[in-house]
Every structure is written in C-alpha cells, then in structure tokens.
Colleague: 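Dropping the structure in here first, questions after.
All figures in this text were calculated on a predicted structure; none of them were measured in a lab.
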Amino acid sequence: VTSYLVDLNLLPNTQYYYRVRALNSNLCESPNSNVIPVLTKNDAVVWYNAKWSNVSGPTENLNSIIRDAYKVGDPGRPSFETKNLKVESNGLLTIGKDQHVTVHGLINTVDDKIVVEDDGMIHQISQGDNTGKITVKRNVTFTTARQQYNYMISPVKDQKMKYIFGADGSGVPYIQYVMRLNEPTNVFVNDGDGIYAQGKGYAVKEAKTAYVSNDGVAFFKGIPANGDFEYPLSNTPNRGYNLSGNPYPSHLDLKKLYDDSKNSEGGHYISSTFRFWDNKSNDVIGQQGGSYQGYAYALFNASSGVGTKAP
C-alpha cells in the first residue's frame, strides 16, 4: 500500500504533523518515520469556539463550515459572503433582522440548523440543488376579529401554507382557510392545505382565536428555493390579475423582474404596476370580484420607480 485515505475531519488551512510506520502481513512493524509536516488545503474556513479558523472569515471564493452557534447581527457576528455553505449537526446559523448571508455556491445543512428571522435573508447567487431544510420566519399582526387575509408565499420548498402557524394539540391547523385567486373570475377559491408550487401566492386567513397572541410568527420549513424557473400566468380579457410573490428567502428586485419580461415586440409580458395587499386599511370582508375598486392595495410602478402606499 502506497497511499491510505484517513478522514480525520481536519480543519482547513491548518498545520498538522504526522509519523508513519509499515505493518507487514506478519504484523511486524517498522520504526516510526521522521515527523512530517502537512498544511491542509485552504478552501474552507470553520466557525468554531466563537471564531473563524482564518480569523477574518469566508469570502465569495472560500467555503464556510458552521460548527458552532453563529447569530448574524450579534456583536462580532457580521453578515458575510461565502462560496459554499455547510452547517454541521453541532452548528446553528441564525440570520437576524436586516442581516444577510450571501452564498455564491450551494447550501448543505443538517435539518433545522439555519434559521432566517423576519426581515433577514439568505441570498443565493448560483443555481443548483441545496441539501437540508431551513426555517424562515415571517411576523404577522392579527386583528382582534380574525377575519382578514394576508397574501403570502413560501420561500422554501414543500411547505403547506395551512400549517405555517402550527396546529393545536389535536393536530388541527390554526389556519382555517387558504385561498387561491381564480384569474378568469377574479374570485378567490378554497385551495385546501395550500400545497407548495414555486411562485404561487395564496390568500391566507388569519389564525383562529385559539392561537392566542395577536403577534403571529409564520414558520416556513423546507429546502431553500433558488435559481430560475418559469411560472405560468393566466390572462383572460378584462381580467389578468395573478397572485404571485417572492419565492426566495431573500430580497427580489421588482424593477429587474419587470425589465426581464420584455417581449420581441418591445413591450412587456407583465404590467409595470405591482399591487401589495394591506389588510390594515381594509374593512370589506365579503368578496367583490371585478367590482372591487382596489383601495386597500399599495402600488409600485416598476417602470417609473414610483410607489403609492395603501390608504
């Protein structure tokens, strides 16, 4: 045998020393060799014992391994960029409010070891298959009557929308209705559990009063979505409204989305006006379909860059 692979889970960019000795078929050993120095490859940095193995942390060309708790936004825990991101079983990566982690490669994590708090984001540049489920939180304020709906979309794969606020002791979800918009009639219809479809938005009714707090936290658990995809839009004459949203656990540039929708004739496949539902200004509970005047929507024009808040 002239070579032998030993997986010692060594730290990258670290000096180690070893000796070797031979063992024949009769179990006779040779003397130890001299001490041989070796420097492990510098393609990843490890967060462990409250510090990075290279002191400065990862870069867009350097992989990162989270082997300990790291909360982005805490003192000494800034947002960072990395090539590939790996979170091990003893690690925990929490991305706080207004903080971010930018991943230029892929994400490989043990389930439930990455948590993205409300208004935090994990921004992924490349396309490919991530491994492991993460948790993304969204804060929602409920009304006392619990009759309003929120437009929501899952930023992770395979999340059933009816269970984002959990369930009671009998397993019954706190959400009673998840609705999809039927574009030809401009009317919302019941969609059961709200099965995941990338790009598909839902109108989610507020949690039942059994969910005691008016400050709700929606939990989306699944593999983080990334990369380009096609989402079919319906366009019936005199209708054309589709309920969609941001399918990623990061920000989305609406102006770029609109600019990318140009057709061969110089126009666009989608309208420049995006509508955002704000139920705080809504006092209409029953559906009105095409007769609704839209006063509870905030507007953003991606062509001019001008927005109008809801009343």
Colleague: Counting C-beta onward and ignoring hydrogens, is there a side-chain heavy-atom pair between V72 and R77 closer than 4.5 Å?
Modeller: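 A side-chain contact is absent here, since even the closest heavy-atom pair is not under 4.5 Å.
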
Colleague: I would like to know whether Y149 and Y177 meet side-chain contact (heavy atoms from CB on, under 4.5 Å); could you show each step before the answer?
Modeller: CA-CA 9 Å; Y149 284 77; Y177 294 113; 3.7 Å; yes

Colleague: With no hydrogens and no angle check, is any side-chain donor or acceptor of Q127 less than 3.5 Å from a backbone partner on D228?
Modeller: yes

Colleague: Looking at every heavy atom in both G199 and P247, which two are closest together, and how far apart are they?
Modeller: N-CB, 3.9 Å

Colleague: Are the side chains of L62 and K83 in contact, using a 4.5 Å heavy-atom criterion?
Modeller: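 Contact flag for K83/L62 side chains = no.
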
Colleague: Do E88 and R67 sit within salt-bridge range, that is, some charged N less than 4.0 Å from a carboxylate O?
Modeller: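 Judged by the 4.0 Å cut-off on N to carboxylate O distance, E88 and R67 do form a salt bridge.
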
Colleague: Between M161 and I175, is the side-chain contact (heavy atoms from CB on, under 4.5 Å) condition met? List the steps.
Modeller: CA-CA 9 Å; M161 298 299 290; I175 293 174; over 6 Å; no

Colleague: Take atom NZ of K86 as the centre, draw a 6.0 Å sphere, and report whether it contains more than 12 heavy atoms from other residues, nucleotides or ligands.
Modeller: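 No.
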
Colleague: Side chains of S303 and S272: do they bring a donor and an acceptor to under 3.5 Å?
Modeller: no

Colleague: What is the minimum heavy-atom distance between Y269 and S264, and which atoms define it?
Modeller: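 Where Y269 meets S264 most closely, the heavy atoms are OH-N, 4.5 Å.
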
Colleague: Quick one, L299 and R275 - any side-chain contact, counting heavy atoms below 4.5 Å?
Modeller: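 SC-SC contact between L299 and R275 confirmed.
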
Colleague: Could you please spell out the steps behind the side-chain contact (heavy atoms from CB on, under 4.5 Å) verdict for I134 and T109?
Modeller: CA-CA 8 Å; I134 72 171; T109 179; 4.1 Å; yes

Colleague: Should K280 and D278 count as an ion pair when the cut-off is N to O under 4.0 Å?
Modeller: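 Salt bridge flag = yes for D278 with K280.
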
Colleague: Quick one: name the residues clustered hydrophobically with I270, using the 4.5 Å side-chain heavy-atom rule over I, L, V, M, F, W, Y, and just say none if it's on its own.
Modeller: F229, Y231, L233, Y248, L252, L254, L257, Y258, F274, F276, F300

Colleague: Between K162 and G192, what is the shortest heavy-atom contact and its length?
Modeller: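 In this case the closest contact between K162 and G192 is CD-O, 3.6 Å.
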
Colleague: Would you indicate whether K160, at its atom NZ, is surrounded by more than 12 heavy atoms from other residues, nucleotides or ligands within a distance under 6.0 Å?
Modeller: no

Colleague: Does the side chain of Y17 reach to within under 4.5 Å of the side chain of V38, using non-hydrogen atoms?
Modeller: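 SC-SC contact between Y17 and V38 ruled out.
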
Colleague: Report, as yes or no, whether the 6.0 Å neighbourhood of atom NZ on K200 holds more than 12 heavy atoms from other residues, nucleotides or ligands.
Modeller: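 Correct, the count exceeds 12.
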
Colleague: Nearest heavy-atom pair of M152 and A218: which atoms, and what distance?
Modeller: CE-CB, 4.1 Å

Colleague: Quick one: do V156 and L106 end up in the same hydrophobic cluster if we chain Ile, Leu, Val, Met, Phe, Trp and Tyr together by side-chain heavy atoms under 4.5 Å apart?
Modeller: no

Colleague: Set out, in order, the CA-CA distance, both residues' side-chain angles and the distance that settles ring-ring contact (aromatic ring centres under 6.0 Å, His included) for F80 and W52, then state yes or no.
Modeller: CA-CA 12 Å; F80 63 87; W52 290 109; 5.6 Å; yes

Colleague: Is it true that, when you exclude N90 itself, more than 12 heavy atoms of the residues, nucleotides or ligands shown sit nearer than 6.0 Å to its CG?
Modeller: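 No, because the 6.0 Å sphere around CG of N90 holds 12 heavy atoms or fewer from other groups.
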
Colleague: Are K97 and D119 within salt-bridge range, i.e. N to O under 4.0 Å?
Modeller: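 Counted as a salt bridge, because a side-chain N and a carboxylate O are separated by less than 4.0 Å.
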
Colleague: Checking the side chain of D68 only, and the main-chain atoms of N49 only, is there a donor and an acceptor separated by less than 3.5 Å?
Modeller: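 Pair found, side chain donor or acceptor close to backbone of N49.
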
Colleague: With distance as the sole test, does D168 use its side chain to make a donor-acceptor pair with the main-chain N or O of V172 at under 3.5 Å?
Modeller: yes

Colleague: Look up atom CG in N235 and atom CD in E183, then write down how far apart they are to the nearest 0.5 Å.
Modeller: 6.0 Å

Colleague: Hey, could you give me the CD/CD1 distance between E60 and I125, rounded to the nearest 0.5 Å?
Modeller: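 Atom-to-atom, E60:CD and I125:CD1 are 9.0 Å apart.
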
Colleague: Are N282 and Q148 close enough that some pair of their side-chain heavy atoms sits under 4.5 Å apart?
Modeller: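 When only atoms from C-beta onward are counted, Q148 and N282 do touch, with a gap below 4.5 Å.
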
Colleague: Between V103 and I223, is there shared hydrophobic-cluster membership here, with clusters defined by ILVMFWY side-chain heavy atoms closer than 4.5 Å?
Modeller: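 As far as the 4.5 Å side-chain criterion goes, I223 and V103 are not connected within one cluster.
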
Colleague: Within a reach of under 6.0 Å around CG of D129, are more than 12 heavy atoms found that belong to other residues, nucleotides or ligands?
Modeller: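 No, because the 6.0 Å sphere around CG of D129 holds 12 heavy atoms or fewer from other groups.
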
Colleague: Flag yes if more than 12 heavy atoms outside Y196 fall under 6.0 Å of its OH atom; otherwise flag no.
Modeller: yes

Colleague: Would you say K157's side chain and P224's backbone share a donor-acceptor pair under 3.5 angstrom?
Modeller: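 Checking the backbone N and O of P224 against the side chain of K157, no donor-acceptor pair under 3.5 Å is found.
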
Colleague: Is D111 salt-bridged to K133, going by a charged N under 4.0 Å from an acidic O?
Modeller: no

Colleague: Would you indicate whether the side-chain heavy atoms of T59 and E81 approach each other to under 4.5 Å?
Modeller: no

Colleague: Would a distance-only check, ignoring hydrogens and angles, find a side-chain to backbone donor-acceptor pair under 3.5 Å from W277 to N150?
Modeller: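 Side chain of W277 to backbone of N150: no pair is present.
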
Colleague: Return the NE2 to CG distance between H104 and L85, rounded to the nearest 0.5 Å.
Modeller: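 Between H104 NE2 and L85 CG, I get 12.0 Å after rounding to 0.5 Å.
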
Colleague: Is any side-chain N of the basic residue among D260 and K255 closer than 4.0 Å to the acidic one's carboxylate O?
Modeller: no

Colleague: Could you measure the distance from the CG atom of N63 to the CG atom of N84? Nearest 0.5 Å is fine.
Modeller: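 Spacing of CG (N63) from CG (N84) equals 4.5 Å.
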
Colleague: With the 4.5 Å side-chain cut-off for hydrophobic clustering, are I153 and L181 part of the same group?
Modeller: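 No: no chain of side-chain contacts under 4.5 Å links I153 to L181.
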
Colleague: Within the distance-only criterion (no hydrogens, no angle test), does the side chain of Y202 pair as donor or acceptor with the backbone N or O of I195 below 3.5 angstrom?
Modeller: yes

Colleague: Tell me if a side-chain donor or acceptor on N242 pairs with a main-chain N or O of S234 at a distance below 3.5 Å.
Modeller: yes

Colleague: Using 0.5 Å steps for rounding, measure from the OH atom of Y297 to the OG1 atom of T308.
Modeller: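 Taking OH in Y297 and OG1 in T308, the distance rounds to 15.5 Å.
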
Colleague: Distance-only check: which donor-acceptor pairs under 3.5 Å involve side-chain atoms of residues 28-36, not counting sequence neighbours?
Modeller:
from: E29; atom 1: OE1; to: R21; atom 2: NE; distance (Å): 3.2
from: S30; atom 1: OG; to: A22; atom 2: N; distance (Å): 2.8
from: N32; atom 1: OD1; to: R21; atom 2: NH1; distance (Å): 3.3
from: S33; atom 1: OG; to: V20; atom 2: N; distance (Å): 3.0
from: S33; atom 1: OG; to: V20; atom 2: O; distance (Å): 3.4

Colleague: Taking all non-hydrogen atoms of both residues into account, name the closest pair between P249 and V136 and its distance.
Modeller: CB-CG2, 4.0 Å

Colleague: Looking only at non-hydrogen atoms, find the nearest pair between I65 and A44 and report the distance.
Modeller: CD1-CB, 4.3 Å

Colleague: Any sub-3.5 Å donor-acceptor pair from T94's side-chain atoms to K71's backbone N or O?
Modeller: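 Between the backbone of K71 and the side chain of T94 there is no qualifying donor-acceptor contact (under 3.5 Å).
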
Colleague: When you compare the side chain of Q124 with that of I107, does any pair of heavy atoms fall below 4.5 Å?
Modeller: yes

Colleague: In sequence, state the C-alpha distance, the side-chain angles, and the governing distance for M179 and K205, and then conclude on side-chain contact (heavy atoms from CB on, under 4.5 Å).
Modeller: CA-CA 8 Å; M179 313 288 280; K205 192 173 184 180; over 6 Å; no

Colleague: So if you build clusters from Ile, Leu, Val, Met, Phe, Trp, Tyr with side-chain heavy-atom gaps below 4.5 Å, do Y70 and L92 land together?
Modeller: no

Colleague: State whether a side-chain donor-acceptor pair under 3.5 Å links N108 with T131.
Modeller: no

Colleague: For F165 and F142, I'd like to know if the aromatic rings sit close, meaning centre-to-centre distance below 6.0 Å.
Modeller: yes

Colleague: Strictly distance-based, threshold 3.5 Å: is any side-chain N or O of N263 a donor or acceptor partner for the main-chain N or O of G267?
Modeller: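 Here the side-chain-to-backbone pair exists.
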
Colleague: Spell out, yes or no, whether Y295 and F188 are grouped together once hydrophobic residues are joined by side-chain heavy atoms under 4.5 Å, including indirect joins.
Modeller: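 Linked, Y295 and F188 end up in one cluster.
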
Colleague: Would you give the length of the straight line joining atom CD of E206 to atom OG1 of T209, rounded to the nearest 0.5 angstrom?
Modeller: 11.0 Å

Colleague: Are side-chain heavy atoms of Q159 and K221 found at a separation under 4.5 Å?
Modeller: yes

